[in-house]
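Take a look at the structure set out below.
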Amino acid sequence: MASRSCFSFSIVCVVAVMAFAILATASNAQPLDPHFYDKVCPAALPAIRKVVEEAVAVEPRMGASLLRLHFHDCFVNGCDGSILLDDTPLFTGEKKAAPNVNSVRGFDVIDRIKDAVNAACGGNVVSCADVVAVAARDSVVAILLQLGGPSYDVLLGRRDARVASQAAANKSIPAPTMDLDGLVSNFASHGLTAQDLVVLSGGHTLGFSRCTNFRDRLYNETATLDASLAAQLRGPCPLAAGDDNLAPLDPTPARFDGGYYGSLLRSRGLLHSDQQLLAGGPSPSPTDALVRFYAANPEAFRRDFADAMVRMGGLITGSGGEIRVDCRKVT
Ligand code: HEM
Ligand SMILES: *[C@@H]1O[C@H](CO)[C@@H](O)[C@H](O)[C@H]1NC(C)=O
Ligand SMILES: *[C@@H]1O[C@H](CO)[C@@H](O)[C@H](O)[C@H]1NC(C)=O
């Protein structure tokens with residue numbers, strides 16, 4: 001970076017810094033680069049992968065949780081590690097926001113990764129936002145590898161935010177009660193398309209939901225939920241108890257496969273927002289066609305998911321920021 005290599009004050013340096021500042025403002029961020037740490041710390045990415053693989057081996061669901069953590073980071077003022085910040089007297093952060101409280105997990109694993117990376121690099125050079133982005137990729141791969149699936153290059157060089165906002169998290173992360181048009185406009189507000197919505201919702205091939213997020217479908221909107229699945233889920237999810245009991249988001253919650261889309265075809269989407277992707281809008285809807293396409297073409301789903309993750313991981317707002325030492329605190 002121009003500003004960092006300017007050790008002596010000179011007119012050349014001032015011009016370089018100004019040019020960099022203008023560029024950074026114009027693009028509203030510095031460009032991300034898959035080789036960002038190649039020179040400064042080639043040990044960084046292997047160190048991240050090692051901790052992720054250990055964590056996923058202990059608990060397969062952690063792969064799902066780390067994937068979701070990246071999504072919830074990126075959808076609130078860009079992928080800037082803001083979700084990791086604890087509340088302070090100066091701001092109320094994102095951890096207790098409606099979509100995250102009692103739900104988002106993986107913070108301890110991120111702390112362990114950050115310590116391992118700092119040890120491997122002999123210093124604090126990798127941002128917490130990059131740690132989350134790489135951990136999300138490695139989580140998908142740790143599970144995919146069992147099936148021989150593809151990976152993708154994570155673009156790197158994100159900076160960590162110095163502030164977090166509960167209000168922004170409340171309003172920027174889509175809710176499971178949303179209809180298709182709400183989901184499409186939420187994704188559009190992040191610069192992502194309806195196809196990205198369908199592909200990235202395929203993240204629900206992994207992991208679990210709490211009853212509180214789909215109870216309506218068991219007792220109320222039963223018309224769009226397969227009757228045998230509804231009957232099966234009323235056990236763990238009674239009408240007035242068991243909010244935090246879990247059900248898998250697709251039939252194989254520890255396998256990154258096309259099972260999610262197959263579920264939608266059989267009206268077995270767990271969340272209202274899942275089932276909305278099929279027949280949730282005016283017919284014929286492009287999302288309907290995409291759901292059918294990915295159900296029939298799991299290889300295309302894996303490829304398009306990787307591409308969409310790179311787009312989601314590229315959501316950056318503003319410039320500046322820092323590289324936090326402790327991912328939970330502004331340095
Ligand atoms: C399209 C809008 C989306 C909505 C409304 C939504 C909503 C939800 C909800 C309500 C849960 C269950 C949380 C709980 O009960 O504690 C969940 C879980 C999950 N979501 Fe999403 N989600 C969306 C998109 C995504 C995307 C884009 C990804 C990743 C690419 C993703 C990945 C996950 C994963 C992996 C889980 C399981 C987490 C775990 O088991 O710890 N979701 N989602
Ligand atoms: C965010 O949502 C939670 C839960 O609904 C609510 O308690 C909190 O007041 C909201 N925060 C802001 C700043 O809007
Ligand atoms: C059922 O849906 C109605 C209208 O959408 C809502 O007012 C009610 O609270 C829901 N009941 C349950 C049990 O979720």
Side-chain angles (χ1 to χ4, degrees), residues 55-56 59-76 79 87 91-107 109 132-133 135-137 139-140 143 152 164-180 182-190 192-217 237 242-250 253-256 260 264 269-277 280 287 301 304-313 315:
V56 172
E59 187 204 12
R61 187 186 174 198
M62 190 49 72
S65 303
L66 292 171
L67 172 60
R68 184 167 183 244
L69 190 63
H70 181 45
F71 162 51
H72 283 206
D73 185 29
C74 293
F75 265 47
V76 184
C79 318
D87 294 353
F91 61 81
T92 305
E94 296 164 21
K95 289 181 176 177
K96 293 193 198 106
N100 293 335
V101 67
N102 200 14
S103 179
V104 162
R105 33 202 314 278
F107 297 111
V109 177
V132 172
R137 187 275 311 272
S139 292
V140 169
I143 296 159
Y152 59 94
S165 162
Q166 186 182 63
N170 277 355
K171 97 171 169 349
S172 307
I173 298 170
T177 48
M178 281 180 173
D179 287 339
L180 180 63
L183 295 165
V184 169
S185 52
N186 174 282
F187 270 59
S189 75
H190 298 288
L192 297 170
T193 64
Q195 175 158 10
D196 292 324
L197 166 67
V198 175
V199 175
L200 289 170
S201 292
H204 290 175
T205 184
L206 300 178
F208 296 82
S209 172
R210 293 170 303 139
C211 296
T212 187
N213 282 315
F214 59 85
R215 182 176 283 113
D216 250 26
R217 286 175 60 60
C237 303
D243 274 10
D244 294 336
N245 292 345
L246 297 174
L249 283 157
D250 93 337
R255 241 196 279 153
F256 200 96
Y260 170 77
L264 300 186
L270 189 63
L271 306 176
H272 174 83
S273 52
D274 292 324
Q275 200 60 54
Q276 280 289 301
L277 302 180
T287 63
F301 164 55
D304 291 353
F305 184 81
D307 290 347
M309 285 296 288
V310 173
R311 279 193 294 281
M312 184 178 87
L315 299 178

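Remember, it's 1-based here, ligands and their atoms both numbered in the order they're listed. These numbers come from a predicted model, not from an experiment.
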Quick note on ligand 2: atoms under 4.0 Å from a heavy atom of Ala167 include exactly 13 (C)
In ligand 1, the atoms that come under 4.0 Å of a heavy atom of Ser273 are 5 (C)
Ligand 2 to Ala98, heavy atom cutoff 4.0 Å, flagged ligand atoms 2 (O), 4 (C), 5 (O)
Per-atom filter on ligand 1: closer than 4.0 angstrom to a heavy atom of Arg61 are 39 (C), 40 (O), 41 (O)
min-distance protein heavy atom vs atom 41 (O) of ligand 1 -> Ser65 OG, 2.7 Å
The protein heavy atom nearest to atom 8 (C) of ligand 1 is Leu271 CD1, 3.6 Å
> Is there a protein heavy atom less than 4.0 Å away from atom 7 (O) of ligand 2?
Replying inline: no
If you scan protein heavy atoms around atom 20 (N) of ligand 1, the nearest is His204 NE2, 2.9 Å
Residue, atom and distance of the protein heavy atom nearest atom 2 (C) of ligand 1 read Pro174 CG, 3.5 Å
Atom 35 (C) of ligand 1 has as its nearest protein heavy atom Ala64 O, 3.2 Å
closest protein heavy atom to atom 25 (C) of ligand 1 is Phe71 CE2, 3.2 Å
Review point. Can you check whether Arg255's main-chain N or O pairs, donor with acceptor, with Thr205's side chain at less than 3.5 Å?
Key: yes
In ligand 1, the atoms that come under 4.0 Å of a heavy atom of Leu197 are 1 (C)
Going through the distances and angles, do Phe301 and Tyr260 end up as a ring pair (Phe, Tyr, Trp, His ring centres under 6.0 Å)?
CA-CA 11 Å; Phe301 164 55; Tyr260 170 77; 7.9 Å; no
heavy-atom search around atom 38 (C) of ligand 1 in the protein gives Arg68 CD, 3.8 Å
Here the atoms of ligand 1 under 4.0 Å from any heavy atom belonging to Leu206 are 35 (C), 37 (C)
Checklist entry - Would you say the side-chain atoms of Asn186 and Ser189 include a donor-acceptor pair closer than 3.5 Å? => result no
For Gln166, the ligand 2 atoms with a heavy-atom partner under 4.0 Å come out as 8 (C), 10 (C), 11 (N), 12 (C), 13 (C)
Under 4.0 Å from one or more heavy atoms of Gly207, ligand 1 contributes atoms 37 (C), 40 (O)
- Hey, does Phe214 sit under 4.0 Å from ligand 1 if you only count heavy atoms? no
Asp179 versus His272, side-chain donor and acceptor atoms under 3.5 Å = yes
Among non-hydrogen protein atoms, atom 16 (O) of ligand 1 lies closest to Ser103 OG, 2.5 Å
message: Side chain or backbone, does Asn170 bring an N or O within less than 3.5 Å of an N or O on ligand 2?
response: yes
Contact check, side chains of Phe214 and Pro176, non-hydrogen atoms, under 4.5 Å
no
- Query: Under a 4.5 Å cut-off applied to non-hydrogen side-chain atoms, are His72 and Val76 in contact?
  - Reply: no
